Amino acid sequence: MGGGPWLLQVRKQDLWVRTPAGDSEYALTRTGRVVATRPYGNGLGWSGVAISPDGRQVAYVERPEAQEHESPGRWALLWVVNSDGSGRRMLLDLREHALTPGPFRAGPILWSSDGARIAFSLESFARTGPESRPCPLAEVHTVEVGSGKVERLFESPTHGMLTPRGWSAQGIVSFSLLSCEATAEVGKDGRFFEFEPGRGIRDTHARGAVSSDGVHTLLLPSTPDAGVPSALLDGRKVDAPSEVDTRLLRHVAWMQHQPVAYLTTYSGQPRSCAFDRVPAPALFQANFDASRPGIEPRTGLGGLMVLAFSPDDAHVLAATVLLRSQASEVCWPDTFDSLLVMERVQLENSPTLTALSASSIRLDVPASQMGPELQGFVGWVR
């Protein structure tokens, strides 16, 4: 199929691989049963589809052919396939494993940084209280990609909806937990925890993001009084300008081969739709290779949300949130103007968002008002 670059996209419960221009594509699945939903909380992306760290494999989950209510959870089948469509294997059928007692629901999946294992959450409702909207207690299990061996890692510290966020090279699993108690929630993404084998679970009291290779962990204050006085990268203080409002942090995109990340702050609503004045979307570039890590604003590119870098860092998937006309504004959460693919050098050198958009490939054709699903684009494969 050529050298790419290639994007993974969800279409009507199937997975497709395509070029940014759409001139070449192929179906990665044809069952129509892929369970791809938005993850819990305020994060972008997909739950139920995950690309391996090297971009060469895709893990995805499916509901069985039986009716959904006959399935033991949101999904029952975990598959892995090479990005070219070869080597498809079923890793796990939850109908054949009694991993947790009582009724349960299977949740998000996550690759380990070395690509050897996949983590997934199981939400158990057997031990919940009598409330009318049951609140699950989640467990995180892993399955070895090579052998299919399943292992239970840990149980969440409290009831709530758990989403794995990162799996470092040292074996530390980061996860966010949306508590069922509104007063205990920190931000719209929930509380950010870390599980370290042999040491247990630690509440970071921060918002967190783990780099693509699992080497770096960035912690940002979730609120002014969250107990985290400053941004931290692997425990080191990060110089961050005061205009970085971490309460509005919507996405962190890490480069694959350089200690660089792009942070977007965005309320998720058009300014004309908010009852109160909300800050304009802003883009920041974080450089972590210096002796003193720092975060700086990308002047002129406010309104661009960097979503993902290609495996070779040559191309970028991004969305714009400022170019819509006043007449076309809608008050849906996370309504984006356009989806773009650009070369990384364009992102680094373009002085304005208008110039950058003009030199990029637009993906959302036909153009439409996009919500949080971002027209199904998951990320880059190799």
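FYI, the numbering just counts along the sequence from 1. What you see is a predicted model, and the numbers here were worked out from it, not measured in a lab.
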Short side-chain donor-acceptor distance under 3.5 Å, S24 and T19: no
- request: Check whether any side-chain heavy atom of P20 lies under 4.5 Å from a side-chain heavy atom of P5, and answer yes or no.
  value: yes
Backbone N/O of H257 and side chain of D313: donor-acceptor pair under 3.5 Å: yes
- prompt: So, F154 versus F175, ring centres under 6.0 angstrom or not?
  reply: yes
Side-chain donor or acceptor of N82 paired with backbone N/O of D84 under 3.5 Å: no
query: Do you reckon L374 sits in the same ILVMFWY cluster as W16, going by side-chain contacts under 4.5 Å, direct or chained?
result: no
- request: Evaluate the side-chain proximity of V80 to V58: yes if any heavy-atom separation is below 4.5 Å, no if none is.
  value: no
query: With distance as the sole test, does W111 use its side chain to make a donor-acceptor pair with the main-chain N or O of W167 at under 3.5 Å?
result: no
message: Give me the atom names and distance for the closest heavy-atom approach of A261 to V252.
response: CB-CG1, 4.1 Å
field: D234 versus T217, closest heavy-atom pair with distance
entry: OD1-N, 2.8 Å
query: Heavy atoms, side chains only, cut-off 4.5 Å: are E25 and R11 in contact?
result: yes
- request: Could you tell me whether R63 sits above the aromatic face of W75, with NZ or CZ closer than 6.0 angstrom to the six-membered ring centre and within 45 degrees of the axis?
  value: no
message: In the structure I gave you, are the side-chain heavy atoms of R18 and Q9 within less than 4.5 Å of one another anywhere?
response: yes
- prompt: Is there a donor-acceptor pair under 3.5 Å between the side chain of S359 and the backbone N or O of L356?
  reply: yes
- request: Begin from the C-alpha positions of S83 and R56 and carry the test side-chain hydrogen bond (donor to acceptor under 3.5 Å, both in side chains) through to its verdict.
  value: CA-CA 5 Å; S83 58; R56 298 185 184 278; over 6 Å; no
Side-chain heavy atoms of F336 within contact of T320, under 4.5 Å: no
message: Looking at R382 and D54, is any side-chain nitrogen of the basic one under 4.0 Å from a carboxylate oxygen of the acidic one?
response: no
query: Who passes side chain to side chain contact (heavy atoms under 4.5 Å, CB included) against S211, sequence neighbours left out?
result: D213, V215, H216, W254
message: Is the distance between the ring centroids of F309 and Y262 under 6.0 Å?
response: yes
query: Does K149 reach the side chain of V143, with side-chain heavy atoms less than 4.5 Å apart?
result: no
message: Is any side-chain heavy atom of M305 closer than 4.5 Å to one of L283?
response: no
Enclosure of E296 CD (heavy-atom neighbours >12, cutoff 6.0 Å): no
message: Checking the side chain of D203 only, and the main-chain atoms of F193 only, is there a donor and an acceptor separated by less than 3.5 Å?
response: no
task: Mind running side-chain hydrogen bond (donor to acceptor under 3.5 Å, both in side chains) on S124 and E139 for me, showing each step along the way?
output: CA-CA 8 Å; S124 172; E139 296 180 351; over 6 Å; no
- request: Looking only at non-hydrogen atoms, find the nearest pair between I109 and V49 and report the distance.
  value: CD1-N, 4.1 Å
- prompt: Have T204 and E194 got a donor and an acceptor in their side chains that come within less than 3.5 Å?
  reply: no
query: Are R362 and S338 linked by a side-chain donor-acceptor pair shorter than 3.5 Å?
result: no
Considering all heavy atoms, the nearest S350-L301 contact: O-CD2, 4.2 Å
query: Do side-chain atoms of N287 reach the backbone of G294 as a donor and acceptor pair under 3.5 angstrom?
result: no
query: Below 4.5 Å, heavy atoms only, C-beta onward: do L218 and L232 meet side chain to side chain?
result: no
- prompt: Does S52 reach the main-chain N or O of Q57 with its side chain, forming a donor-acceptor pair under 3.5 Å?
  reply: yes
- prompt: Considering all heavy atoms of both residues, which atom of A138 and which atom of G160 are nearest to each other, and what is their separation?
  reply: CB-O, 4.3 Å
- prompt: Do I172 and L110 belong to the same hydrophobic cluster, where Ile, Leu, Val, Met, Phe, Trp and Tyr are linked whenever their side-chain heavy atoms lie under 4.5 Å apart, directly or via other members?
  reply: no
- prompt: Does M342 share a hydrophobic cluster with M255, counting links as ILVMFWY side-chain heavy atoms below 4.5 Å and allowing steps through other members?
  reply: yes
task: Specify whether H315 and W380 have parallel, tilted or perpendicular ring planes, treating 30° as the upper limit for parallel and 60° as the lower limit for perpendicular.
output: tilted
task: Provide the closest heavy-atom pair for L219 versus A206 in the form atom of the first, atom of the second, distance.
output: CB-CB, 4.1 Å
